[in-house]
Protein chains: 2
Amino acid sequence: MGRIAGSSGARTAASIRRAGLRLIYRRGFEAMSLRELAAEVGIQAASLYNHIRTKQDLLFDLIREHMERLLAHTDLALAAAPAGAEDRLRAFVASHVTYHLERKHEVFVANFELRALDPRHFAAIVALRRAYEEKLVAVLDLGVARGEFRIGDTRITAYAILAMLTGACTWYKPEGRLTKQEVVALHTGLVMHGCLGLAPTEGRSGTGLAALSRDS
Amino acid sequence: MGRIAGSSGARTAASIRRAGLRLIYRRGFEAMSLRELAAEVGIQAASLYNHIRTKQDLLFDLIREHMERLLAHTDLALAAAPAGAEDRLRAFVASHVTYHLERKHEVFVANFELRALDPRHFAAIVALRRAYEEKLVAVLDLGVARGEFRIGDTRITAYAILAMLTGACTWYKPEGRLTKQEVVALHTGLVMHGCLGLAPTEGRSGTGLAALSRDS
DNA sequence: GGGTTAAACTAACGGTTGGTAGTTGGTAAG
DNA sequence: CTTACCAACTACCAACCGTTAGTTTAACCC
C-alpha cells in the first residue's frame with residue numbers, strides 16, 4: 001500500500017500532536033509507545049516518522065510550544081494592565097488561571113515530563129520557565145518597592161503562588177461545581193490577601209482580623 | 001552461585017525500597033527498569049523477586065507507606081494543637097511543609113506516579129489522599145463556622161493551599177538560601193493571610209490595605 | 001498528463017522489558 | 001550437626017521498544 005486517498009500532511013501532523021499530548025498526559029511519556037500513538041492517529045508506527053524526527057523531539061516540541069504560547073499570553077495580559085502592582089498581580093493571576101484551566105493536558109505534560117527530556121532540551125525549557133517566573137517576580141518586586149505588598153521573599157513567594165495556581169488544573173473539570181470565573185476569583189482572593197497581608201510573624205497572633213488591623 | 005555471605009533479607013529489602021524511591025523520583029516509574037534498580041542495589045534483576053511481588057507492587061507499597069506516615073504525622077500535629085481554627089491551620093501548615101521538605105522523593109512519587117498504578121491500587125491511594133485533604137477541609141470549615149476565616153469554598157481553598165505547600169519541595173534544597181524554618185514561616189504567612197482576608201471580590205479595589213479595612 | 005514529491009505501507013533490526021524456572025550455597029533453628 | 005529455608009545466582013522467555021529501509025501510491029506542479 002502507498003499513500004492513502006485524502007490524506008494530508010498538515011492534518012496528520014496536527015493529529016499526532018493532539019493524540020500525543022493526550023496520551024502523554026494520560027499514560028506518561030515513557031509509558032506511551034509510538035505504536036500506541038500511531039494507532040490513535042490511525043496510521044502505522046513507522047509512518048509517524050514522516051512527521052516527527054524522534055519521540056524525544058515530539059515531547060520537546062509540545063512543551064516548547066506550550067511555554068511560548070504561555071509567555072505570549074501573559075505578555076498580552078500584563079501589557080493591558082495598569083501600572084499599579086496590585087492591578088498587575090490581579091492581571092497575572094487571572095491570566096495564569098484562565099489559561100491553565102483551558103490547557104490541562106499541556107500544563108501537566110510541561111510540568112511533569114521535564115525529566116524525560118535530554119539535557120539539551122531540558123535546559124531550553126528551564127530557561128523558558130525561568131523567564132515566566134521572572135514576570136511574576138517582577139510584579140511582586142514592584143509591589144514591594146511601592147510598599148503595596150508585605151511579603152518576605154519575592155522569588156519564593158512567586159514559586160508558591162505559581163504552584164497554587166497551577167494546581168487548580170489538576171482537579172478542575174469544566175462540568176464541575178464551580179465555573180472558571182469562580183475558580184479565578186477564589187484564587188485571586190487567596191493570592192491578593194496573601195500578598196497584601198502582614199509579613200509572616202514568628203510568634204502567635206490573636207484573631208485574624210485583629211492581626212490584620214495591627215498592621216494597618 | 002547461591003546465597004552470598006553476609007546477606008540479609010531485611011537489609012536487601014530496605015535497600016530496594018530506598019533505591020527504588022530514588023530511581024523512580026529521578027527517572028520515573030516507567031523509565032526505571034528492574035535491571036537498573038537491581039544494579040543500584042547490587043544484585044541481579046531476578047533476585048529482586050525474592051523481595052517484591054511485582055514492579056507495580058513496589059510502587060504501590062512505596063506510595064501507600066508514604067501516605068500512611070503522612071496521615072499519622074498530621075494527626076499527631078493536630079492533636080497537639082489548640083482548639084482554635086487559626087492555631088489548627090497554623091499547625092497543619094507547619095506540619096505539612098516540614099514533613100514534605102524532608103521527604104522530597106516520596107512526595108514526588110506519591111503525587112506524580114499515581115497514573116502508573118493499576119485501577120485497584122489507584123483507588124486505594126486516592127482514598128488516602130482524600131482522607132488527608134479532609135483534615136485540612138475540616139480545619140477550614142471550623143474557621144468559617146467560628147467566623148475566623150473569610151474564604152469562598154473550603155474544599156477548593158484546601159486544594160489550593162495543598163498545591164502551594166507541596167510545591168515547596170520541588171525547588172527546596174537543604175543547602176539553599178533559605179532554612180527550613182524560613183520556608184515554613186513564609187508559607188504560613190501566605191496561607192494565614194489568604195484565609196483570614198476578605199472573600200474574593202469581583203470588582204476592582206483600591207490599595208490592598210484599604211481593601212482589607214473595608215471589611216473589618 | 002508526466003514527473004516529482006508527500007505520505008502512507010510492510011518488514012525487520014538490535015536491544016530491552018518484566019517476569020519465570022530451576023539451581024546453589026549461606027544461615028539459623030532444632 | 002543436620003535439615004529446612006532463605007536469598008542469591010544463571011538462563012531464558014515472549015513481548016515490546018524506537019527506529020530504519022525499502023516500496024507503493026495519491027496529490028500536486030508545470
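Note that the coordinates shown come from a computational prediction; the quantities given were computed from them, not determined experimentally.
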Separation of [N] [atom2] from [X] [atom1] (nearest whole Å):
X     : N      : atom1 : atom2 : result
A:R53 : D:dG18 : CZ    : P     : 16 Å
B:F29 : C:dT17 : CZ    : P     : 13 Å
A:E30 : D:dC16 : CD    : C1'   : 15 Å
B:Q44 : D:dC12 : CD    : P     : 14 Å
A:I43 : C:dC9  : CD1   : C1'   : 11 Å
A:L34 : D:dT20 : CG    : P     : 11 Å
A:I52 : C:dA8  : CD1   : P     : 13 Å
A:Y49 : D:dT20 : OH    : P     : 6 Å

For this session: Find which nucleotide of DNA chain C each of A:R35 and A:G42 is nearest to by heavy atoms, and output the residue with the more 5' nucleotide.
Result: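 Residue closer to the 5' terminus by nearest nucleotide: A:G42.
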Exercise. Closest to the A:K55 side chain: C:dT17, D:dG18, C:dC9?
Worked result: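 The nucleotide sitting nearest to the side chain is D:dG18.
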For this session: Could you check whether B:A45 gets within reach of a base, just the sugar-phosphate, or nothing at all, counting any heavy atom under 4.0 Å?
Result: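 Counting heavy atoms under 4.0 Å across all strands, no contact is made by B:A45.
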Can you tell me if [X] uses its side chain to pair, donor with acceptor, with the backbone of [Y] under 3.5 Å?
X      : Y      : answer
B:R90  : B:T188 : no
B:T170 : B:G167 : yes
A:H73  : A:R69  : no
B:K104 : B:Y172 : yes

For this session: Verify the ring-centre separation between A:H96 and A:Y132: is it less than 6.0 angstrom?
Result: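 Distance test on ring centres: under 6.0 Å, yes.
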Problem set entry | Evaluation steps, side chain to side chain contact (heavy atoms under 4.5 Å, CB included), between A:L117 and A:E113 | CA-CA 7 Å; A:L117 291 171; A:E113 296 292 356; over 6 Å; no
Taking only side-chain nitrogens and oxygens of [X], does any of them come within less than 4.0 Å of OP1 or OP2 of [N]?
X     : N     : value
A:H51 : C:dA6 : no
B:T12 : D:dA8 : yes
A:S47 : C:dC9 : yes

Problem set entry | A:K55 to A:F60 six-membered ring, cation-pi geometry met (6.0 Å, 45°) |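 Output no; distance or angle outside limits.
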Exercise. Roughly how bent is the helix from C:dG1-D:dC30 to C:dG30-D:dC1 end to end, in steps of 10 degrees, with each end axis from five pairs?
Worked result: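 Its terminal axes enclose an angle near 20°.
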Problem set entry | Comparing A:A31 and A:A46 on DNA chain D - which has the more 5′ nearest nucleotide |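 Counting from the 5' end, the first nearest nucleotide belongs to A:A31.
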Exercise. Does A:N50 make a side-chain donor-acceptor contact with the base of C:dA6, cut-off 3.5 Å?
Worked result: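 When only heavy-atom distances are counted, A:N50 does not reach the base of C:dA6 through any donor-acceptor pair under 3.5 Å.
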